[in-house]
Structure formats: structure tokens, C-alpha cells
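Everything on this sheet refers to the single structure shown next.
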Amino acid sequence: MKIKLNNKELTIPSDSTKLDFLLQGQQLYREQGIAVAVNDEILPKSTWNEYSVKENDNILIITATQGG
């Protein structure tokens with residue numbers, strides 16, 4: 001299945017369709033400090049384990065940073 005992850009095309013196995021599983025497989029899953037948007041819609045963290053990634057989804061991972 002083809003998706004976009006942070007604006008890069010990626011082919012993933014069809015069996016890794018849950019969003020949290022995909023994030024873990026890409027070493028992007030963190031307990032705090034990230035937000036996930038799928039097709040320009042922010043998904044609450046409580047739904048990551050329920051959301052099934054679909055063909056051509058555009059997934060954007062936003063990481064919080066500190067600065068001053």
C-alpha cells in the first residue's frame with residue numbers, strides 16, 4: 001500500500017494498517033510531544049490505535065520542540 005509520510009512516498013505492508021503500529025515501525029511513536037494529521041485532519045492520540053491507514057493517506061507527524 002502506498003502512503004505519504006511527512007511528504008515522502010512510502011510503501012508499507014497491508015498488514016501494518018493501524019496508525020500506532022505504523023508510527024512504531026517508523027520509530028516515530030512517542031508518548032508525548034507529537035501530533036498526527038491524516039489528510040489535513042488532526043487525530044487525537046486516543047484514536048491512533050483505532051485508525052486504519054488507507055491507500056494514498058497523507059500522514060504528517062508534527063514534533064514539539066523547545067526554544068526561546
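Heavy-atom minimum distance, Asp57 versus Asn39: OD1-ND2, 2.9 Å.
If you take CG on Asn58 and CD on Glu41, they are separated by 13.0 Å, rounding to the nearest 0.5 Å. We find the NZ-OG1 distance between Lys45 and Thr47 to be 11.5 Å, quoted to the nearest 0.5 Å. With rounding to the nearest 0.5 angstrom, the CG atom of Asn7 is 6.5 Å from the CG atom of Leu60.
Applying the side-chain contact (heavy atoms from CB on, under 4.5 Å) test to Asp20 and every residue at least two apart in sequence or in another chain returns Lys18, Tyr29, Trp48, Asn49. Under the side-chain contact (heavy atoms from CB on, under 4.5 Å) criterion, Glu55 pairs with Met1, Lys2, sequence neighbours left out.
Considering only heavy atoms from C-beta on, Leu23 comes within 4.5 Å of Val36 through its side chain. Considering only heavy atoms from C-beta on, Ile61 comes within 4.5 Å of Leu5 through its side chain. No side-chain heavy atom of Val53 sits less than 4.5 Å from a side-chain heavy atom of Val38.
Under the 3.5 Å distance criterion, the side-chain polar atoms of Asn56 are left unmatched by any main-chain donor or acceptor of Ile3.
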Check: Where do Ile34 and Ile62 land on the side chain to side chain contact (heavy atoms under 4.5 Å, CB included) test, with the steps shown first?
Finding: CA-CA 5 Å; Ile34 67 168; Ile62 303 160; over 6 Å; no

Item checked: Test side chain to side chain contact (heavy atoms under 4.5 Å, CB included) applied to Leu19 and Ile59, step by step -> CA-CA 9 Å; Leu19 181 59; Ile59 302 169; 4.2 Å; yes

